[in-house]
Student: 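Here it is, the structure in full.
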Amino acid sequence: EMFKCSVDNDLGLLGMESNDWFGVVEMKSKQEVWSLKRSTSSVGAERYGFQTHQWLNIGQQKYLSVQTDRNKIQMFNVKHADAGYQFVEDKKYELVYSNSNVAKPTISFCDFDQDFKHIFLITDMTELQKRAVNDINTPLSTIKLAEEVDGSGYRNFRLSADGKYCVLGGGDNRKYFYVIDIDNEKLHKLQSDYLTSSYVPCFINGENQFLAVSDISGRVEIWDWEKKASIKKFQVSPESWIRSSASSNNILAIGTEDRRLRLYDVRNWECFYTKQFQCAGNSLHLT
């Protein structure tokens, strides 16, 4: 099963991650140009290693970040020459998470801010860590979560574009979600009376004020989280699990278990495009 795909427009490359494999395809030729084996787990509370890779710009260099093991993230410098593409590991950006208080230290989720200056980790399902990419093995801050979050193969951890806030979906049978003010280390719990669970949240246009949260029954709820107010509710697809979401350029994209992609205009919440695919979309990436 494929869990995340994403594109680097400048390189013309598509990254794809599945259970124990990560690969890169050149979109023009549709040929695989690089791959590696990696470790994941889909077992309950031990779930890790999904929705993890990211294309990065560090300085003037192109990088690809991939979680390759339970507690490890590696970064590869991507170079394009006449001979093809090279993916060279840069050890100074290798992240190895350790915690002497647990038997198996685990990076549960990870994400980067828009400038790729910081990486944010959910560790052992219980803490949020912020780290500088240039000093990647030293936590800048650690925030204890109010409860252990659900492990998920879906993208249940999302950052605002500026990296000041993050949202965590509660998971199955949890009609609430958390927004974390990272700089001030404050957790805000928001309870829904509409959703049956809370999955694949995202900030609208990547901005701080509004966010979308979905459930396994085809429902989407839009929140002004600063006012702790629900401002819009709509049914995307009856009884179809919403597996993915993304928002930018006034578009909210929703992928559902019935194998449809739907695009909504966030200025009026009208669906202006829908397309049927051959598979359910576990991830969405808007360029």
Student: Once side chain to side chain contact (heavy atoms under 4.5 Å, CB included) is applied, do any residues pair with Phe277, and if so which ones, sequence neighbours excluded?
Tutor: Leu261, Lys275

Student: If hydrophobic clusters are built by linking Ile, Leu, Val, Met, Phe, Trp and Tyr wherever their side-chain heavy atoms come under 4.5 Å apart, do Met27 and Met16 end up in the same one?
Tutor: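 Same cluster: Met27 reaches Met16 through Ile, Leu, Val, Met, Phe, Trp or Tyr contacts under 4.5 Å.
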
Student: Check the hydrophobic clustering (I, L, V, M, F, W, Y; side-chain heavy atoms under 4.5 Å; chains of links allowed) and say if Trp223 and Tyr178 are grouped together.
Tutor: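 Unlinked, Trp223 and Tyr178 end up in two clusters.
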
Student: Would Arg260 and Ser240 count as a side chain to side chain contact (heavy atoms under 4.5 Å, CB included) if you check the C-alpha gap in whole Å, the side-chain angles of each, and the deciding distance to 0.1 Å?
Tutor: CA-CA 10 Å; Arg260 285 188 179 273; Ser240 185; over 6 Å; no

Student: Any side-chain heavy-atom pair from Glu185 and Ser141 closer than 4.5 angstrom?
Tutor: yes

Student: Any side-chain heavy-atom pair from Asn134 and Tyr93 closer than 4.5 angstrom?
Tutor: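 Asn134 reaches Tyr93 side chain to side chain.
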
Student: Is it the case that the side chain of Ser6 and the backbone of Gly15 share a donor-acceptor pair, with hydrogens and angles ignored and the cut-off at 3.5 Å?
Tutor: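 Side chain of Ser6 to backbone of Gly15: no pair is present.
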
Student: Is any side-chain heavy atom of Phe210 closer than 4.5 Å to a side-chain heavy atom of Ile231?
Tutor: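 The answer is yes, as the side chains (C-beta and beyond) meet within the 4.5 Å cut-off.
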
Student: Search all heavy atoms of Gln235 against all heavy atoms of Ser217 and return the closest pair with its distance.
Tutor: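 Scanning both residues, the minimum pair turns out to be NE2-O, 2.6 Å.
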
Student: Name the orientation class of the two ring planes belonging to Trp34 and Phe22 (parallel below 30°, tilted from 30 to 60°, perpendicular beyond 60°).
Tutor: perpendicular

Student: With distance as the sole test, does Asn268 use its side chain to make a donor-acceptor pair with the main-chain N or O of Glu270 at under 3.5 Å?
Tutor: yes

Student: If two hydrophobic side chains count as joined below 4.5 Å and joins carry through other members, does Tyr85 share a cluster with Phe76?
Tutor: yes

Student: Does any part of the side chain of Pro201, heavy atoms only, come nearer than 4.5 Å to the side chain of Asn156, both counted from C-beta?
Tutor: yes

Student: With a 3.5 Å distance limit and no angle check, can you tell me whether Ser198 reaches the backbone of Gly170 through a side-chain donor-acceptor pair?
Tutor: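 Side chain of Ser198 to backbone of Gly170: a pair is present.
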
Student: In terms of ring plane angle, is the pair Phe120 and His118 parallel, tilted or perpendicular, where the classes change at 30° and 60°?
Tutor: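 It falls in the tilted class, 30° to 60°.
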
Student: How many angstroms lie between OG in Ser108 and CD in Glu148, if you round to the nearest 0.5 Å?
Tutor: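 The CD atom of Glu148 is 8.0 Å from OG of Ser108, to the nearest 0.5 Å.
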
Student: Keeping Asn137 on the side-chain end and Val96 on the backbone end, is there a donor-acceptor pair under 3.5 Å?
Tutor: yes

Student: First locate atom CZ of Phe3, then atom OG1 of Thr52, and finally report the distance between them rounded to the nearest 0.5 Å.
Tutor: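 With rounding to 0.5 Å, CZ (Phe3) is 11.0 Å from OG1 (Thr52).
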
Student: Please assess Asn205 against Asn250 for the test side chain to side chain donor-acceptor pair (under 3.5 Å), listing each intermediate value before the final yes or no.
Tutor: CA-CA 6 Å; Asn205 290 331; Asn250 290 321; 3.1 Å; yes

Student: Start with the C-alpha distance between Leu36 and Phe87, add both sets of side-chain angles, then the distance that settles side chain to side chain contact (heavy atoms under 4.5 Å, CB included), and finish with yes or no.
Tutor: CA-CA 11 Å; Leu36 58 77; Phe87 294 79; over 6 Å; no

Student: Is the side chain of Glu26 donor-acceptor paired with the backbone N or O of Gly12 at a distance under 3.5 Å, no angle test?
Tutor: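 It does not hold such a pair.
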
Student: Hydrophobic clustering (ILVMFWY, side-chain heavy atoms < 4.5 Å, transitive) - are Ile182 and Val179 grouped together?
Tutor: no

Student: Among Glu94, Glu89, Gln74, which one satisfies side-chain hydrogen bond (donor to acceptor under 3.5 Å, both in side chains) with Thr68?
Tutor: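 The option that passes is Gln74.
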
Student: Specify the closest pair of heavy atoms between Ile222 and Val220, including all atoms of both residues, with the distance to one decimal.
Tutor: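 Closest heavy-atom pair between Ile222 and Val220: CD1-CG1, 3.9 Å.
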
Student: Please say which of Arg38, Arg155, Lys4 ends up in a salt bridge (charged side-chain N to carboxylate O under 4.0 Å, His left out) with Glu17.
Tutor: Arg38

Student: With a sphere of 6.0 Å drawn around CD of Gln191, does it hold more than 12 non-hydrogen atoms of other residues, nucleotides or ligands?
Tutor: yes

Student: Restricting to non-hydrogen atoms, name the atom on Ser214 and the atom on Val200 that form the minimum distance, rounded to 0.1 Å.
Tutor: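 Of all heavy-atom pairs spanning Ser214 and Val200, the closest is CB-CG2, 4.0 Å.
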
Student: Establish, yes or no, whether a centroid distance under 6.0 Å links the rings of Tyr165 and Phe203.
Tutor: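 No: the rings miss the under 6.0 Å criterion.
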
Student: With a 4.5 Å cut-off on side-chain heavy-atom distances among I, L, V, M, F, W and Y, is there a chain of contacts connecting Leu190 to Ile180?
Tutor: no

Student: Step by step, would you call Asn57 with Lys62 a side chain to side chain donor-acceptor pair (under 3.5 Å)?
Tutor: CA-CA 5 Å; Asn57 295 308; Lys62 287 284 188 179; 3.1 Å; yes

Student: Quick check: closest heavy atoms across Ser65 and Met75, and the distance to 0.1 Å?
Tutor: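 Distance-wise, the nearest heavy atoms are CB-CG, 4.0 Å.
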
Student: Does any N or O in the side chain of Ser248 come within less than 3.5 Å of the main-chain N or O of Leu286, such that one atom is a donor and the other an acceptor?
Tutor: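 Here the side-chain-to-backbone pair does not exist.
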
Student: With rounding to the nearest 0.5 Å, note down the distance linking CG in Leu211 to SG in Cys166.
Tutor: 11.0 Å

Student: Among Trp241, Phe109, Phe50, which one satisfies ring-ring contact (aromatic ring centres under 6.0 Å, His included) with Tyr154?
Tutor: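 Of Trp241, Phe109, Phe50, ring-ring contact (aromatic ring centres under 6.0 Å, His included) with Tyr154 is met by Trp241 alone.
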
Student: Less than 4.5 Å apart, side chain to side chain, heavy atoms only: is that true for Val213 and Tyr194?
Tutor: no

Student: Apply side chain to side chain contact (heavy atoms under 4.5 Å, CB included) to the pair His53 and Val66, showing each step before the final yes or no.
Tutor: CA-CA 4 Å; His53 78 271; Val66 184; 4.2 Å; yes

Student: Would you check if the distance from the ring center of Tyr264 to the ring center of Phe234 is below 6.0 Å?
Tutor: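 Yes; Phe234 has its ring centre under 6.0 Å from that of Tyr264.
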
Student: With a 4.5 Å heavy-atom cut-off, do Trp269 and Leu252 have their side chains touching?
Tutor: yes

Student: Looking only at heavy atoms, which two atoms of Asn282 and Gln51 are closest? And how far apart?
Tutor: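 Reported closest heavy-atom pair: O-NE2, 3.0 Å.
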
Student: Less than 4.5 Å apart, any side-chain heavy atom of Asn71 and any of Ser98?
Tutor: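 No, every pair of side-chain atoms sits at 4.5 Å or beyond.
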
Student: Please confirm whether the backbone N or O of Asp69 pairs with a side-chain atom of Gln67, one donor and one acceptor, at under 3.5 Å?
Tutor: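 Yes; judged by distance alone, with no hydrogens or angles, the pair exists.
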
Student: Mind checking the CG-CH2 spacing from Asp181 to Trp225? Nearest 0.5 Å is all I need.
Tutor: 6.0 Å

Student: Is there a side-chain contact between Val88 and Asp90, using heavy atoms and a 4.5 Å cut-off?
Tutor: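 SC-SC contact between Val88 and Asp90 ruled out.
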
Student: Does Asp124 have any salt bridge (charged side-chain N to carboxylate O under 4.0 Å, His left out) partners at least two apart in sequence or in another chain, and if so, which?
Tutor: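 Asp124 satisfies salt bridge (charged side-chain N to carboxylate O under 4.0 Å, His left out) with no other residue.
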
Student: Considering the options Leu187, Ile122, Leu121, Leu168, which one meets the side-chain contact (heavy atoms from CB on, under 4.5 Å) requirement together with Leu128?
Tutor: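 Testing each of Leu187, Ile122, Leu121, Leu168 against Leu128, the sole residue satisfying side-chain contact (heavy atoms from CB on, under 4.5 Å) is Ile122.
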
Student: Side chain of Tyr199, backbone of Asp172: donor and acceptor closer than 3.5 Å?
Tutor: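 Yes, Tyr199 side chain to Asp172 backbone: donor-acceptor pair under 3.5 Å.
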
Student: Decide yes or no on side chain to side chain contact (heavy atoms under 4.5 Å, CB included) for Asn99 and Thr123, but give the supporting numbers first.
Tutor: CA-CA 9 Å; Asn99 183 352; Thr123 57; over 6 Å; no

Student: Taking all non-hydrogen atoms of both residues, which atom of Lys72 and which atom of Ile107 are closest, and how far apart?
Tutor: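 Closest pair (atom of Lys72, atom of Ile107, distance): N-CD1, 4.0 Å.
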
Student: Just how far is it from atom CD1 of Ile216 to atom CD of Glu257, taken to the nearest 0.5 Å?
Tutor: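 If I round to the nearest 0.5 Å, the distance is 9.0 Å.
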
Student: Quick check: does any side chain N or O of Ser192 sit under 3.5 Å from a backbone N or O of Leu195, one acting as donor and the other as acceptor?
Tutor: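 Judged by distance alone, yes, a pair lies under 3.5 Å.
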
Student: Using 0.5 Å steps for rounding, measure from the CG atom of Leu56 to the OH atom of Tyr63.
Tutor: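 If I round to the nearest 0.5 Å, the distance is 9.5 Å.
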
Student: Examine distances only and state if a side-chain atom of Gln276 and a backbone atom of Asp258 form a donor-acceptor pair shorter than 3.5 Å.
Tutor: yes

Student: Please collect all salt bridge (Lys or Arg N to Asp or Glu O under 4.0 Å) contacts where either partner lies in residues 210-238, sequence neighbours excluded, each pair once.
Tutor: Asp193-Lys233

